[in-house]
Amino acid sequence: MSEFFKRDDCRLCKSKNLKLVVDMGAVPLGDDFVTKEQFDRPQGEYPLEINFCEDCGLLQSTTVIDPDIIYSNYLYETSSSLGLMQHFEDYAAYLMDKINPPQGALTVDIGSNIGALLKGLKAHGMNVLGIDPAKALAEKATKNGLETWAAFFNREMAEKIRDEKGAATIITANNVMANIDDLTDIMEGITTLLADDGVFVFETGYMMDTVQNVVIDNLTHEHLCYFSVLPLQKFFEAHGLELIDIKRIPTKGGSIRGTVQRKGGGRPVTTNVTGLATLERELGFEGMAPFTVFAKLCEQMKSEIRELLTDLKAQGKKVGAYGASIGATSLIYYMGLGDLIDCLYDDNPVKIGMYSPVQHIPVHDSAMIYEHRPDYVLNLAWRYAGPIYRRHQKYIEEGGRFISCLPTVSIFSK
Ligand SMILES: [Zn+2]
C-alpha cells in the first residue's frame, strides 16, 4: 500500500452512492507532533473528505492512510486522558453484570492499549488477552501481567487465538471500529473467535452526537467511520450477527456502547436498539438533510473564527491557542489558523516542547501564558473549557481573554 488511497464505495455496504458532506482540505496525521530535530522528516498532508452513504446511511471518510504509518509509533495511552481509567473500571463491572460470563472464560480486547479494560476484567476472575498493533503499548501491558499480542486483529489472527486459547465468551473493541478500513475482515475475525453464546461489545463515537453538536474536531484521518444504529444493524446482519443492545455514553464527546450476538442467539433484543433506530429515522438521518445543516454550521464557525482572528491580528494583538491534540490539528487546518496563532499551550508533558504537524507551531506549557501574556487564547480543547478556565482564572482576572470556538463562538473574559 502506498501512503494512502481513496475509496469510492461505502465501507459497510459497498454502495457507490456517496455524497460529500464536509471537505476539510488536506490535513496531516493529527497527532504527529515533532521535535525540532525532526523538522526535516517528511510529513504528508492527505485529503480529508467526509461523505454520507445514501444507501445505508453511514457517515465516513474516504481517504485511507496506511495503518503502519499511523500506528507503528502510536504513543497515546489511555491513562493520559482525563477520567478514562475510571471509565474502563466501570465498563468491566458492567460487562460482568450484563453478560454474566462463567469464571475464567476468555475475554479478548481488540485495540487493548495498555490494558485498562483487561485489568478490570482480570480482577473479576476472567482469562484475558489483549491485541494491539502498538508494540510499546503491548509490551507495557504484558509486563503488567495483561498478556497482549502486538498485532492487528483479523480472521487469521482470530484463528490463531482460537487454536491457542479456545473460543472467546466476550470480545471487546473500544474506540477501534471507527479506525479500521476493512471492517469485513474484523467481522470475520469476530465470527471465527466468538463462542456460540458469546457477545461482541464495542464502544465508538456516535455520529448523531458529532453532527448535532457540530464536533468538527472529531473529523480526523484516524476516524474513518462515524457510526449510527441504522447502518450498523444492516452491517451486522450481513455477517450473521445481530445488534441486541445499544447505550449512549458521554465519552469522547458522545459515544455508543453496542452489544452483538450471533443471529438468533439466546439473548433478547432490547428496546434500546429499536428506540434509537426510531429516533435516527425521525430526525431524518437516513437522508442528507441533517448533514447539510451540519456542513453549514461548520462553515459558519470557520468564517466567524477566521474573521475574528484576522481582525485581532490586524490590531497587532497577541493570540495563542490552547490544546495540542489530534482534534486541535483538525480545527487548525479546517479553519486555516496556521498564520493566525502564535503558539499552542497544553498541559500534557508529552506534547510540551514539541511542534505541530507540518506547520511546526510550538507547543508550550500552559504556565507560559503568564510570561507571554497573549491578549487572547483560542480554546481548541473546548470539551475541557470549564477546568481550563478555572485553572487560568488568574490570566482572566489580569485581563486575558479566552475565545471559545465550539459549541459557539464567544469570548470569555473578566
Ligand atoms: Zn453504505
Side-chain angles (χ1 to χ4, degrees), residues 1 4-24 46-65 67 110 153-155 173 175-191 200 202-212 215 218-244 246 248 254-260 263 269 273-295 298:
M1 179 173 172
F4 78 97
F5 70 93
K6 273 182 85 171
R7 53 185 305 155
D8 61 356
D9 62 344
C10 169
R11 200 162 274 118
L12 291 189
C13 77
K14 313 295 177 200
S15 157
K16 296 209 172 183
N17 294 326
L18 299 180
K19 270 209 149 150
L20 182 67
V21 174
V22 179
D23 183 353
M24 300 283 287
Y46 315 95
L48 179 51
E49 290 157 15
I50 310 300
N51 286 269
F52 167 72
C53 171
E54 290 189 291
D55 285 322
C56 80
L58 180 73
L59 188 69
Q60 58 201 296
S61 155
T62 38
T63 300
V64 182
I65 300 171
I110 303 167
F153 182 84
N154 50 27
R155 194 174 54 79
N175 305 311
V176 166
M177 297 260 288
N179 305 5
I180 289 166
D181 178 47
D182 190 350
L183 287 164
T184 300
D185 202 15
I186 293 272
M187 281 304 126
E188 286 177 358
I190 286 166
T191 49
F200 166 55
F202 64 93
E203 281 187 1
T204 190
Y206 187 32
M207 176 276 284
M208 210 154 83
D209 287 320
T210 297
V211 170
Q212 288 190 320
V215 187
N218 263 352
L219 310 180
T220 69
H221 282 301
E222 288 77 0
H223 291 157
L224 298 169
C225 290
Y226 302 84
F227 290 111
S228 46
V229 175
L230 296 172
L232 277 176
Q233 270 183 317
K234 290 179 207 153
F235 177 67
F236 288 133
E237 199 149 301
H239 288 275
L241 299 165
E242 64 182 337
L243 184 65
I244 55 170
I246 197 97
R248 290 178 85 165
S255 300
I256 39 176
R257 177 184 294 166
T259 306
V260 174
K263 195 156 177 47
V269 178
V273 177
T274 37
L276 204 48
T278 305
L279 182 66
E280 287 176 9
R281 273 197 199 96
E282 281 173 2
L283 294 173
F285 280 97
E286 284 176 302
M288 263 301 272
F291 301 101
T292 309
V293 174
F294 170 66
C298 289

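Atoms within each ligand, like the ligands themselves, are counted from 1 in listed order.
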Can you check whether I186's main-chain N or O pairs, donor with acceptor, with N154's side chain at less than 3.5 Å?
-> no
Verify, without hydrogens or angle tests, whether T220 (side chain) and E222 (backbone) share a donor-acceptor contact under 3.5 angstrom.
-> yes
Relative to each other, are the rings of F291 and F285 parallel, tilted or perpendicular (30° and 60° limits)?
-> perpendicular
Within the distance-only criterion (no hydrogens, no angle test), does the side chain of Y226 pair as donor or acceptor with the backbone N or O of N218 below 3.5 angstrom?
-> yes
Is there a donor-acceptor pair under 3.5 Å between the side chain of T63 and the backbone N or O of P47?
-> yes
Can you check the number of protein N/O/S atoms within less than 2.8 Å of the Zn ion (ligand 1)?
-> 4
For the pair R155 and D185, find out whether any cationic side-chain nitrogen is under 4.0 Å from an anionic carboxylate oxygen.
-> no
